[in-house]
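Below is one structure, written out as structure tokens; comments come after it.
Chain letters run A, B, ... following the sequence lines, proteins first and then strands; every chain starts at 1. What you see is a predicted model; the values in this text were computed from it and never measured.
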2 protein chains.
Amino acid sequence: MVCQSRIKCVWTGSFGIAGSLRLLGKSEIVEFNLTSKYYWIMKTDNTIHLISRIHEKANIFLIGKLRGLGMNELAPSHGDILAALFKRNEVTMTEIATLIHRDRSTVTQLVRKLERKGYVFSKENASDRRSSFVCLTEKGKSLEPFFKQVTKDLYTRAYSGMTDEEISRFQQLVGKIYHNMD
Amino acid sequence: MVCQSRIKCVWTGSFGIAGSLRLLGKSEIVEFNLTSKYYWIMKTDNTIHLISRIHEKANIFLIGKLRGLGMNELAPSHGDILAALFKRNEVTMTEIATLIHRDRSTVTQLVRKLERKGYVFSKENASDRRSSFVCLTEKGKSLEPFFKQVTKDLYTRAYSGMTDEEISRFQQLVGKIYHNMD
DNA sequence: CATAAATACTTTGATATCAAACTATAATTA
DNA sequence: TAATTATAGTTTGATATCAAAGTATTTATG
């Protein structure tokens with residue numbers, strides 16, 4: 001039997017063609033029947049598509065930075081794992097999976113690669129022999145300043161030209177929508 | 001030689017561990033040296049991570065809707081292609097790739113599947129025999145009302161409990177950041 | 001006009017990803 | 001205590017995805 005849900009994580013468009021089609025001369029994408037005076041706002045809304053694009057652009061940005069450091073072989077989720085390990089010395093596979101929102105079987109592969117590249121190593125868990133801890137090597141630890149700088153650069157770019165009020169308002173509104181989608 | 005950039009589209013975390021780690025008792029993720037009185041806002045910023053999560057949640061939402069319609073076999077980007085075709089009768093492979101922000105070789109596979117499932121068909125382009133047009137079948141066309149409804153549902157959920165002013169402000173700010181990342 | 005360059009698309013190879021099935025260990029329950 | 005259930009992790013199989021190389025056709029250039 002074929003499993004269908006495995007495609008979950010590769011949905012990137014959210015049916016979000018509105019923005020691009022607008023460039024081609026089309027604008028209407030969703031017809032809302034709202035009685036709000038702002039109904040027209042949603043009528044041509046492509047915000048979720050833009051969010052998807054921002055996400056992809058952020059990834060491209062970060063990959064470019066990794067490449068600049070010669071870490072060409074690492075994928076974004078490898079970076080997520082390292083970022084998690086900067087905060088905690090020992091993390092189990094399941095904890096990593098929860099933190100980076102990936103399947104445990106995916107984490108198996110990701111950690112294996114990080115091990116192969118010398119960024120992390122495994123340590124046995126004496127109190128539960130089913131699990132083991134993933135830890136940073138010195139090579140892995142040495143990446144932390146770089147990661148902090150790159151993250152700072154990312155936000156600096158994202159917020160370029162925005163006032164403090166705009167930034168804080170945006171964070172607030174993103175939080176609301178995140179909560180709505182949760 | 002191994003190609004490194006192919007991982008572009010699967011970056012979903014944007015080093016965004018802050019939000020999750022906060023749940024585990026950690027909050028600081030990025031240290032900014034801003035002189036702004038709002039520097040603390042960015043100091044614990046995980047907005048881009050939240051954006052990634054919203055994107056993923058939107059995908060999960062849409063996949064659930066597709067599944068409810070028995071379209072289990074279709075991936076998100078297939079939906080993007082259909083959404084594009086609802087707006088234009090004939091679209092070339094390259095145009096689709098541009099619209100959905102995917103590689104042309106990826107689009108080849110996606111369209112092939114849509115053809116196999118009977119949603120689209122190919123028509124030869126008389127004026128340029130290198131390319132061909134992708135068109136909706138009747139089965140494909142019949143999906144449009146459903147897609148509109150699902151998109152409406154998605155936005156309704158995302159904006160739940162938000163005022164018109166908040167929605168319009170959010171759209172404005174998302175637009176700014178999108179532009180910054182472009 | 002003939003050759004070179006550009007464009008449209010496909011094929012090939014690699015990787016991140018998920019789900020389902022599997023193994024091993026721990027926890028619970030009868 | 002024995003049997004069942006739950007949990008941690010891996011393996012297997014499938015798919016979306018990209019890059020690079022390849023084919024075919026069109027456009028540009030000499």
Looking only at side-chain N and O atoms, does [X] come under 4.0 Å of OP1 or OP2 in [N]?
X	N	answer
A/Ser105	D/dT11	no
A/Thr106	C/dA16	no
B/Ser77	D/dT17	yes

The answer to which of A/Leu110 and A/Ala126 contacts DNA chain C further toward the 5' end, by nearest nucleotide, is A/Leu110
Between B/Lys117 and B/Glu73, is the closest basic N to carboxylate O distance under 4.0 Å? no
When you check the gap from the basic side-chain N to the acidic O, do A/Arg169 and A/Glu166 get nearer than 4.0 Å? no
Rounded off to whole Å, could you give me the [atom1]-to-[atom2] distance for the [X] and [N] pair?
X	N	atom1	atom2	result
B/Arg104	C/dA6	CZ	P	14 Å
A/Ile96	C/dA16	CD1	P	15 Å
B/Met93	D/dC18	CE	P	13 Å
B/Glu95	C/dA8	CD	P	9 Å
A/Ile100	C/dT17	CD1	C1'	11 Å
B/Leu62	D/dA16	CG	P	16 Å
B/Asp103	D/dA21	CG	P	14 Å
A/Leu74	C/dT17	CG	C1'	17 Å

Out of B/His55, B/Glu56, B/His101, which one pairs with A/Ser52 under the side chain to side chain contact (heavy atoms under 4.5 Å, CB included) rule? B/His55
Candidate nucleotides [options], ranked by approach to the side chain of [X] - the nearest:
X	options	answer
B/Gln109	D/dT26, D/dA8, C/dT11	C/dT11
B/Arg112	C/dT25, C/dT11, C/dA8	C/dT11
B/Lys113	D/dT26, D/dT15, D/dA19	D/dT15

Report which part of the nucleic acid B/Thr108 touches: base, sugar-phosphate, or nothing (heavy-atom distance under 4.0 Å, all strands). base
Under 4.0 Å between any heavy atoms, over every strand shown, what does B/Thr94 touch: base, sugar-phosphate, or nothing? Just pick one. sugar-phosphate
Indicate, yes or no, whether a donor-acceptor pair under 3.5 Å links the base of D/dT26 to the side chain of B/Arg130. no
Check whether the side chain of B/Arg129 and the base of D/dT25 form a donor-acceptor pair under 3.5 Å. no
Would you find more than 12 non-hydrogen atoms of other residues, nucleotides or ligands less than 6.0 Å from B/Asn89 atom CG? no
Could you walk me through whether B/Val134 and B/Glu95 pass side chain to side chain contact (heavy atoms under 4.5 Å, CB included), step by step? CA-CA 10 Å; B/Val134 180; B/Glu95 285 173 332; over 6 Å; no
